[in-house]
Amino acid sequence: MDIVSKDNSEYLIIRKNNKYEVVIGLEVHAQVLSESKLFSSSSTKFGAEPNTQVSLVDSAFPGMLPVINEFCIKQAIKTGIGLNAKINKKSIFDRKNYFYPDLPQGYQISQYKNPIVGEGSVFLDLPSGEKKVGIERLHLEQDAGKSIHDVDPQNTLVDLNRSGVALMEIVSKPDLRSLEEVNAYIKKIRSIMRYLETCDGNMQEGSLRADVNVSVRKKGEKKLGTRCEIKNVNSIKFMQMAIDYEANRQVDVLEEGGKIDQETRLFDTKKNETRSMRSKEDAHDYRYFPDPDLLPLELTDDFINNLKNNIPELPDEKKKRFIEKFKLSAYEANILVSDIETSKYFEEVIKNSDVKISTNWITGELFALLNEKNLEITESPISAKHLSKLINLIKDGTISGKIAKSVFEIMAEGDKDPQKIIEEKGLKQESDPKELEKIVDKVVNENQDKVKEYKSGKEKLFGFFVGQIMKVSGGKANPQLVNKILKEKLK
Ligand code: ADP
Ligand code: MG
C-alpha cells in the first residue's frame with residue numbers, strides 16, 4: 001500500500017494507478033463562537049474541570065425544556081452569508097435518535113430536511129487558479145459529551161461540558177479532487193469564520209473537525225463511486241493522510257475486482273490507516289422527527305437583512321481591494337488576507353509606510369521570524385508600529401536595507417524602537433557626499449592596480465570597489481550615493 005510521504009510534503013496522493021481520480025466531500029463541524037450553549041445558558045468555555053458547565057438541560061433531566069439561543073442563530077446566519085448561501089426563513093429542529101454513553105438525551109437535536117442555511121459556495125485560491133466549491137447546506141446541532149477512556153483503568157468516564165454546545169455542520173458538495181484542495185477548502189472556511197467571529201477555528205481544541213467522504217472513479221467517468229465516510233478527523237494533516245490511505249485502499253479493492261461497500265470508517269492516527277467501524281447508517285436508522293419541544297424557527301427579512309448589512313469585509317473582498325488599491329500581486333494579497341490578524345497587522349503598518357517595502361518585510365523577514373519562533377502574528381515580538389517606523393527609516397535613506405536587517409534582529413528581542421537602536425548603535429547611514437567621497441578616494445588610492453584593470457575594461461571590478469567602500473564605512477555608506485561618486489572617480 002502506498003502511503004503519504006513521511007516528510008509530509010503535502011498534497012501528494014501517490015497512487016499506483018493514475019487512471020483513477022479521487023472525489024471528496026467534507027462535513028465540517030464548526031463550534032459556534034458563543035458564550036453559552038445552543039439550548040441552555042451553561043458556559044462553553046474550553047478547558048474547565050469536567051462536568052462543571054452542565055445544566056439540567058445539558059444532562060437531559062426529564063421534563064427540562066430547551067430554549068433556543070438567539071445569538072447562535074445569528075452566528076449561523078452570518079456564516080451562511082459568508083458562504084454566499086441561501087438563508088432559509090423557515091427551518092426545523094429535529095431529533096436524531098441514537099444511543100451513546102455521552103449522549104444522555106438519547107438523541108441529538110439537529111436539523112435534517114429543513115436546515116437554516118441552504119446552498120452556497122466558496123472560492124479556493126489554488127496555484128492553478130481559482131476554484132469554486134459548492135456548499136450543500138449548513139445546519140445547527142448540539143454537540144455530545146465526551147467519553148474518557150484513559151483515566152480510569154476499569155471504567156469509561158463521561159464529561160458533559162461539551163454536551164449541548166452549538167455546532168454548525170457545513171456540508172460541501174463532492175467537489176474536492178485533491179489533498180491540496182482539501183487543505184485550501186478547510187483554510188478558506190476557517191478564514192471566513194474567523195473574519196466573521198462565528199468560530200475560532202481552533203483545531204487543537206476541537207472547534208473544527210470534519211467527517212471526510214471519499215470515493216474514487218476512473219478518470220472521465222461521470223458517475224460518482226461509492227463513498228466511505230471517515231469520522232471526526234481533527235487536523236488538516238490527518239484529513240490528508242486519511243484520504244490518501246482511503247483512496248489508495250479503494251483503488252486496490254477495485255483493481256482486484258472487488259466493490260466498495262458504503263461504510264463509516266475510523267482513521268487510526270498511530271497506524272496511519274482507516275478501519276471499518278460500521279456499515280453506513282441511513283437517515284431512517286435515526287428515526288428523525290421534528291423536536292416537539294421546539295417550534296419551527298422562522299426568521300423575518302428584517303432580522304436577516306440586519307445581519308447582512310453588518311457583515312465585515314471578508315477575505316475575497318479584502319483580497320480584491322488589496323490588489324486594486326495597493327497594487328499587490330494576487331499571491332501577496334492571498335498571503336496577507338488569509339488570516340484576519342495578518343491583514344490587520346499589514347493595514348496597521350502601511351498606514352504610515354510604503355506599501356511595497358512593507359509587503360516585502362512582512363511576508364519575508366517577519367513571517368520567517370514568526371515561523372522560526374512558532375508564533376502567531378498576534379504574538380509578534382515586533383509591533384506593527386515599530387515595523388512601520390523601521391520601514392520609514394529605510395525609505396528615507398536613514399539606514400540601508402542591509403543595516404535594517406540587523407536592526408530588525410535587535411527589535412525581535414523585545415519590540416525596541418528602531419530609531420533608538422540606530423542611535424544607540426550608531427547605525428545611521430552615511431549620506432553626506434563629502435564624507436563618502438573621502439572613503440571612496442581612500443579605497444581608490446589604495447587600489448591603483450585594480451583601477452588600471454578597471455579602466456582597461458574589467459568592469460566587474462566595480463563591485464569590488466563598492467564592497468571595499470562598504471567595509472571601510474562599516475556597512476553604513478549609502479549605496480546609491482557610493483555608486484554615483486565611485487562612477488565619477490573611475491571615469
Ligand atoms: P450523511 O450524513 O449521510 O453523511 P450528508 O449529506 O450530510 O450525508 O453528507 C454527505 C457528504 O458526502 C457531503 O459532503 C457530500 O459532498 C459527500 N459525498 C456524497 N457523495 C459522495 C461521493 N460519491 N464521493 C465522495 N463524497 C461524496
Ligand atoms: Mg455524514
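Bear in mind that the values here come from a model prediction, so they are computed numbers and not experimental data. When a ligand or atom number is given, it counts from 1 through the structure's own listing order.
Residue Asp152 places its CG atom among more than 12 non-hydrogen atoms of other residues, nucleotides or ligands, all under 6.0 Å distant.
Tyr286 has its ring centre no less than 6.0 Å from the ring centre of Tyr112.
For ligand 1 and Glu229, the ligand atoms under 4.0 Å from any heavy atom of the residue are 4 (O). Interface atoms of ligand 1 facing Leu26, defined by a heavy-atom separation under 4.0 Å, are 14 (O). Near Leu224, meaning under 4.0 Å from one of its heavy atoms, ligand 1 places the atoms 23 (N). Those atoms of ligand 1 with a heavy atom of Val171 less than 4.0 angstrom away are 9 (O), 13 (C), 14 (O).
Comparing Ser172, Gly25, Ala210 by heavy-atom distance to atom 13 (C) of ligand 1, the nearest is Ser172. Closest heavy-atom approach to atom 23 (N) of ligand 1 within the set Gly225, Pro174, Cys228, Ser110: this belongs to Gly225. Evaluated by nearest non-hydrogen atom to atom 20 (N) of ligand 1, the leading choice among Lys173, Arg227, Arg217 is Arg227.
Applying the salt bridge (charged side-chain N to carboxylate O under 4.0 Å, His left out) test to residues at least two apart or on different chains, the pairs with a partner in residues 335-349 are Arg194-Asp339, Lys318-Glu347, Arg321-Glu347, Glu341-Lys344, Glu348-Lys351. Here salt bridge (charged side-chain N to carboxylate O under 4.0 Å, His left out) pairs that include residues 200-209, with residues two or more places apart or in two chains, are Asp143-Arg209.
If you look at Glu136 next to ligand 1, there are no close heavy atoms at all, none under 4.0 Å.
Judged by distance alone, the side chains of Glu263 and Ser276 do bring a donor and an acceptor atom under 3.5 Å apart. Side-chain contact check for Asn97 and Arg287: no donor-acceptor pair (N or O, by modelled atom type) lies under 3.5 Å.
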